[in-house]
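The structure appears right after this line, and notes come after that.
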2 protein chains.
Amino acid sequence: MTKQEQIEQAVEKFWETIPPAWHATRAVVRGAAAEKFHLTEEQFQVLRRIRRGSASVSALAEASQTSRSAVSKAVEALVRRGLVSRSQNPDDRRNLPLALTDEGQRVMAGVYDETEQWLSARFTRLTAEETESLLLGMESLRKAFTTP
Amino acid sequence: MTKQEQIEQAVEKFWETIPPAWHATRAVVRGAAAEKFHLTEEQFQVLRRIRRGSASVSALAEASQTSRSAVSKAVEALVRRGLVSRSQNPDDRRNLPLALTDEGQRVMAGVYDETEQWLSARFTRLTAEETESLLLGMESLRKAFTTP
DNA sequence: TGGAAATAGTTGTACAATGCAACTATTCAC
DNA sequence: GTGAATAGTTGCATTGTACAACTATTTCCA
């Protein structure tokens, strides 16, 4: 198999794999987050990333590959609901660091557990070797999409 | 690394990899498809899958993990624009087989080339080994999400 | 130092994406 | 032949999203 054929295969498999997997996952997040906590999927992603350390609108937009304005609106809704706090960075007053409030932490733990369990259930279907190849493959995918 | 740890890593990597990759790709499709051909991203996916052989609203919904109603609306728009034809299946009159019209084929070729090129460019950044692991990993991902 | 360019973030607007529930038409199961 | 299942559509409500225009602040550099 030439490099070129390999790439064509990857493109084809990408289409067949990534969008459906993401749609299915998003549907689960939407169900769990909306029903129990009145969070939208976008808001869930924002909470998740803030918990992981992304602490500004720009960082969130960069990490999730969406626009600053979309993130800004999600954050605004979360701040209004008291799940996220916005503070001021004295070193750069354009920058508004974000953090989870206690309530945000609590909500996040609940939603995350549920969706993580669902995802874990998918991955439990795989053998150890398949899971290993999944990890390697996702690392390659990440590299393909982030290398400048 | 225990199986459980492996799965937790996979969940984490999934969140960090799949949504951003998909968002970025969708943005490109949206740009190319919208600007040159006035297609929405959803319509692009439908055209793509019809070309690949998915020939009914239900099959499309199943393949893309979305609802029949969402697909139905996209198909309706494409039929109205003359890119897709709906026929009747004499063996089951509930079933309305779909096919690309000549114009649909032409448009699809144009859009697909462009987005495929963009995706190919991402994957060209990878070594042969990385591309190989990407292929294996996506196969695992597909399995994780389709096994009943 | 003064101003141009860059960056962080917000908001208005418009449209795309989507699910759900209710509906029709048809087929299947027994 | 009737009730359950399936294919598909439509109305409605809501989310997701980008783009462009805007403010506020910082950085760059001549």
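Here is the naming used below: chain letters follow the sequence lines, and residue numbers restart at 1 for every chain.
- Counting to the nearest Å, the P atom of D:dG16 and the CZ atom of B:R26 are 10 Å from each other.
- The distance between atom CD of A:Q88 and atom P of C:dA8, rounded to the nearest whole Å, is 15 Å.
- Atoms CG (A:L96) and P (C:dT10) sit 6 Å apart, rounded to a whole Å.
- Atom OG in A:S120 sits 6.5 Å away from atom CD in B:Q4 (nearest 0.5 Å).
- When the nearest nucleotides of DNA chain C are assigned to B:T66 and A:P97 by heavy-atom distance, the more 5′-ward of the two goes with A:P97.
- The residue among A:S67 and A:D91 whose nearest nucleotide of DNA chain D is located toward the 5' end is A:S67.
- Ionic pairing of B:R106 and B:E103 is present here: one or more N-O contacts between side-chain nitrogen and carboxylate oxygen are shorter than 4.0 angstrom.
- Spacing between atom CD of B:E42 and atom P of D:dT15 amounts to 19 Å, rounded to whole angstrom units.
- In B:R86, the CZ atom is crowded: over 12 heavy atoms of neighbouring residues, nucleotides or ligands sit closer than 6.0 Å.
- Under 4.0 angstrom from either OP1 or OP2 of D:dT9 there lies no side-chain N or O belonging to B:R80.
- Nearest nucleotide to the side chain of B:R93, out of D:dG16, C:dT27, D:dA18: C:dT27.
- In terms of polar N and O atoms assigned as donor or acceptor, the side chain of A:K73 never comes within less than 3.5 Å of the base of C:dG9 in a complementary pairing.
- The residues B:E130 and B:R125 are annotated as not salt-bridged, no charged nitrogen and carboxylate oxygen being separated by less than 4.0 angstrom.
- Residues A:W118 and B:F145 place their aromatic rings such that the two centres sit under 6.0 Å apart.
- Counting distance only, with no hydrogens placed and no angle test, the side-chain atoms of A:R94 and the base atoms of C:dT7 include a donor-acceptor pair under 3.5 Å.
- Between B:E41 atom CD and D:dT17 atom P there is a gap of 11 Å when expressed in whole angstrom units.
- In terms of position on DNA chain D, the residue among A:D92 and A:Q43 whose nearest nucleotide sits closer to the 5' end is A:Q43.
- Taking 4.0 angstrom as the limit, A:R68 places none of its side-chain polar atoms (N or O) nearer than this to OP1 or OP2 of C:dG9.
- Rounded to whole angstrom, the span from the CG atom of A:L60 across to the C1' atom of C:dG9 amounts to 12 Å.
- The 5' end of DNA chain C is approached more closely, in terms of each residue's nearest nucleotide, by A:H23 than by the other of B:N89 and A:H23.
- To the nearest angstrom, C1' of C:dT18 lies 14 Å from CH2 of A:W22.
- Here C:dG12 presents its C1' atom at 14 Å from CD of A:E76, a figure rounded to the nearest Å.
- Taking only side-chain nitrogens and oxygens, A:N95 never comes nearer than 4.0 Å to OP1 or OP2 of D:dT25.
- Within the nucleic acid shown, A:S69 comes within 4.0 Å of at least one base atom, counting heavy atoms only.
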